[in-house]
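Read the structure below first, then the notes.
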Amino acid sequence: MRLTKSLFSRNFVLTILCLNVLLWTVGSLVQRQADLSKASPGITWFREDNDFLIYFIGRGWIKPDYLLYQQGYAEYPPLGVLYVWWPRLLTDNFEVYHWLLWISNGLFYVLAGWLTWRIAKIWQHGEAAWWLWLLPSVAYYSFNRFDIFPVVLLLLAVYSYGQNRVRLSGLCYGASIMAKFFPLLLFPLFWQLSKNQKPRNSVKFILYSLLPPLAFSLAVGLVGGSAAIFSPYILQMERSFEPGTIWFLLTFVWPQINELVRSVTSLGQVIIPVVWGFQTLVNKLTATLLVNYHLAALTLLVFIFFNHFYSNQWWLWVVPWLAWIFPPQLFYWLGFYDILNYWQYPIAAELWGKASVAFNLAVVVRGGVLLVIIAILVKQLINQKRKNIYENLAGNPHL
């Protein structure tokens, strides 16, 4: 009976996620036809081509008949560039390219939802709110951006570690860093996990996680030099304040404090992983899995909050962690944030523009809701750490 129930649950999760892919694909097709008939020009509430066009053109990162980076340096790490480029190996038609990448993203979207559910089973902390992947902003940015790819690689790293496949976990984690920067912030999580298990696991994980960065960096460096390796990270760090963040509004209203705000926000982005990593190194007490999950979620949320600019697809980064640890009775805050994220872009940005009151009001309210979510997690983290200390003192940490 238990096996039958498990199989039903697994198939149910996959079925619902696949149906949502179908729903958004149909919506995208209808929108495309409406655009072609000029019935709704400029409306991109299912499908948005701007980033796909950037991926398609390559902006000089990759150009047919040219070496990689010969015409310019990429703003994404090399594995991310290769992921968004693979459909170009099959077609030079943008519409065909779009649907190939859309389908690829859809497959990773289903895998992300399933892994969110499955990891909760492995680590034995409930069913997990995998249905967060059905929220409109989560679905929209899963299909219309490539961030779903590094998210899945990171989930595979957690999933593999849960099955004691440390080598595979390290490879997936290293690959995720080569697709997008943000997984690097979560290194203390795997460090703590290895500390809680066999000591040699930490060495094994680090060695295997270094393989993808070293291999890709060597390949990219041979073709494009050292600038090709570091340019994606330097570019992101040098980006200025942009519409869509509270910090842009603050510096726009009060330009004199621009540099002060930049210093504070730059420090705020990395403060949690730095302190977390230091404590993991010097503290002999082991932290529970829930404590580390809270720190992972807070790391990403604080990074997002303090960033000089805001990309709405960043919401995908933190959704799995919130699905595992957020209080069920307060899930409406996550739904509220997701709706505001979707309202800010594409809806308000397209209907009224990024300089409009509607757009910037959405930015302010979304920022406020983000702070509420952070506060809820901080309160939970304090309670978890107190419990963790008692368990360590009793000599029976629950992992």
Side-chain angles (χ1 to χ4, degrees), residues 115-116 118-126 128 150-151 153-177 181-210 212-213 269-303 317-326 374 377-399:
L115 284 170
T116 301
R118 188 60 188 155
I119 289 169
K121 291 287 188 181
I122 293 175
W123 292 110
Q124 297 180 350
H125 49 258
V151 167
L153 289 175
L154 185 59
L155 286 173
L156 285 171
V158 177
Y159 179 74
S160 300
Y161 212 109
Q163 293 189 317
N164 203 31
R165 298 179 179 177
V166 180
R167 295 183 182 87
L168 179 59
S169 177
L171 289 172
C172 290
Y173 178 70
S176 70
I177 296 172
F181 164 77
F182 80 92
L184 186 60
L185 299 171
L186 300 181
F187 179 75
L189 169 70
F190 294 95
W191 192 355
Q192 182 68 64
L193 288 178
S194 61
K195 182 180 177 181
N196 292 349
Q197 296 178 1
K198 299 175 182 178
R200 66 174 181 271
N201 278 358
S202 57
V203 176
K204 190 186 303 183
F205 178 84
I206 291 172
L207 289 176
Y208 278 87
S209 66
L210 286 174
Q269 290 172 36
V270 297
I271 188 66
I272 291 183
V274 169
V275 174
W276 183 13
F278 179 75
Q279 284 190 338
T280 302
L281 178 65
V282 302
N283 199 338
K284 294 183 179 180
L285 297 179
T286 56
T288 64
L289 186 64
L290 285 177
V291 166
N292 284 294
Y293 275 9
H294 277 78
L295 288 169
L298 285 169
T299 291
L300 297 176
L301 287 169
V302 170
F303 176 81
W317 301 355
V318 74
V319 163
W321 311 95
L322 295 176
W324 297 327
I325 63 173
F326 207 75
I374 290 173
L377 291 181
V378 168
K379 182 180 179 181
Q380 276 200 157
L381 177 62
I382 292 172
N383 293 333
Q384 286 290 333
K385 294 203 77 169
R386 285 175 180 168
K387 182 181 178 182
N388 189 192
I389 291 172
Y390 294 146
E391 290 173 343
N392 275 277
L393 291 175
N396 183 31
H398 176 67
L399 300 174

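Considering CD of Q384 and NE2 of H294, their distance stands at 5.5 Å, rounded to 0.5 Å. For the atom pair OH of Y293 and OG1 of T288, the computed distance is 11.0 Å after rounding to the nearest 0.5 Å. The distance from atom CZ of F205 to atom CG of L171, rounded to the nearest 0.5 Å, is 9.5 Å. Note that CG of L186 is 13.5 Å distant from CD of Q192, once rounded to the nearest 0.5 Å. With values rounded to the nearest 0.5 angstrom, L156 atom CG is found 7.5 Å from L168 atom CG. Here the CG atom belonging to L377 is positioned 11.5 Å from the CD1 atom belonging to I382, to the nearest 0.5 angstrom.
For W321, the side-chain hydrogen bond (donor to acceptor under 3.5 Å, both in side chains) test picks out no residue, with sequence neighbours left out. Qualifying ring pair (Phe, Tyr, Trp, His ring centres under 6.0 Å) partners for F187, counting only residues two or more places apart in sequence or in other chains: W191. Remark: R167 engages Y208 in a side-chain hydrogen bond (donor to acceptor under 3.5 Å, both in side chains) (not counting sequence neighbours).
When side chains are defined from C-beta on, L153 does not count as touching P183, because their heavy atoms never get closer than 4.5 Å. By the 4.5 Å heavy-atom criterion applied to side chains, N201 and K204 are counted as neighbours.
Of all the heavy atoms in A157 and S169, the pair that sits closest is O-OG, 2.6 Å. G162 and I122 get closest at one heavy-atom pair: O-CG2, 3.5 Å. Across all non-hydrogen atoms, the minimal contact from P212 to G174 is CB-C, 3.6 Å. Residue I272 comes nearest to L295 through the heavy atom pair CG2-O, 4.1 Å, listed as atom of the first residue, atom of the second, then distance. Between L154 and S176, the closest heavy-atom pair is N-CB, 3.9 Å.
Here the two rings, on Y173 and F190, have centers that are under 6.0 Å apart.
Distance alone, capped at 3.5 Å, is enough to place a donor-acceptor pair between the W324 side chain and the T116 backbone.
Ring geometry for W317 versus F182: interplanar angle under 30°, hence parallel rather than tilted (30 to 60°).
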